[in-house]
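Each remark here refers to the structure printed beneath this line.
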Amino acid sequence: MRKLLLLGLPLVIAACSTVGVPDGDVTGDITGAPTNQGTIRLALLGLTFGGAVNESVEQFAVTPTDRGVYALSLPASPRDGGYEVIAYADRDGNGSYDPGETRTQSSGKVLAYTTSNFVGNVTGLSKGWNFVQDGRLVKSGTPFNNYDLSF
């Protein structure tokens, strides 16, 4: 019986993900979250090259765990461009980030998506999802772990 339990343990651990951290394309911790300003949620915001929020990008409302750990699945085929993962305090409870709601600080992190090999040849980005920080390519292809956010 004991051998059977030991053989099944790796399957249980694999099903729960690594050490209790949720599975996702983007994972990390949220620190410094404000209290009494609404539910803390996540959003994936599209960015123009000038850094303005692209309002036409669908936002994802995902609530992190009570320990501040989060996981976010990226869309399979978004429009080409830059995207920012943020955490925010959903003051009005509508499940979407609204300008003026308290949000995590911009840390120079951008997830760039491209379907074009030409763009990749010019910029160094690979086709698909890429993690760029402070204008430098960090990693191509998901998952992007330790993508920490702070208020």
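What you see is a predicted model, and the numbers here were worked out from it, not measured in a lab.
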Residues P78 and P75: closest non-hydrogen pair is CD-O, 3.5 Å
Could you report the tightest heavy-atom contact between G82 and V110, atom names first, then the distance? CA-CG1, 3.8 Å
CG of N36 to CZ of R91, rounded to nearest 0.5 Å, is 13.0 Å
Check: F131 and L137 side chains under 4.5 Å, non-hydrogen atoms: no
Distance-only polar pair, side chains of D25 and S73, donor-acceptor under 3.5 Å: no
Regarding D90 and T39, is there a side-chain donor-to-acceptor distance under 3.5 Å anywhere? no
So, applying side-chain contact (heavy atoms from CB on, under 4.5 Å) with T27, which one of N145, L72, D148, N146 is it? N145
Using ring centroids (six-membered ring only for Trp), state whether F144 and W129 fall under 6.0 Å. no
With heavy-atom distances below 4.5 Å as the criterion, would you say the side chains of I30 and L42 are in contact? yes
May I ask you to test the I86-S106 pair for a side-chain heavy-atom distance under 4.5 Å? no
Test salt bridge (charged side-chain N to carboxylate O under 4.0 Å, His left out) applied to R103 and E84, step by step: CA-CA 12 Å; R103 57 161 282 179; E84 182 181 15; 2.7 Å; yes
Donor-acceptor under 3.5 Å (Q105 side chain, F151 main chain): yes
Show, in sequence, the C-alpha distance, side-chain angles and deciding distance for V26 and L111, and conclude whether the side-chain contact (heavy atoms from CB on, under 4.5 Å) test is met. CA-CA 10 Å; V26 184; L111 298 178; 3.8 Å; yes
N/O donor-acceptor pair under 3.5 Å between R41 side chain and G93 backbone: no
Tell me, do D29 and S150 make a side-chain contact under 4.5 Å, heavy atoms counted? no
Do L45 and Y97 have side-chain heavy atoms sitting under 4.5 Å apart? yes
Determine whether D92 and D98 make a side-chain contact, defined as any pair of heavy atoms from C-beta on separated by less than 4.5 Å. yes
Tell me the closest heavy-atom pair linking D134 and S107, and the distance in Å. OD1-O, 4.0 Å
Within the 4.5 Å heavy-atom criterion, are V85 and L149 side-chain neighbours or not? yes
Any side-chain heavy atom of Y113 within less than 4.5 Å of one from N130? no
Measure across S126 and S140 and return the closest heavy-atom pair with its distance rounded to 0.1 Å. OG-OG, 3.3 Å
Return yes if some donor-acceptor pair links the side-chain N/O of Q133 with the main-chain N/O of K109 below 3.5 Å, else return no. no
P34 and T102 have their tightest heavy-atom pair at CG-CG2, 4.1 Å
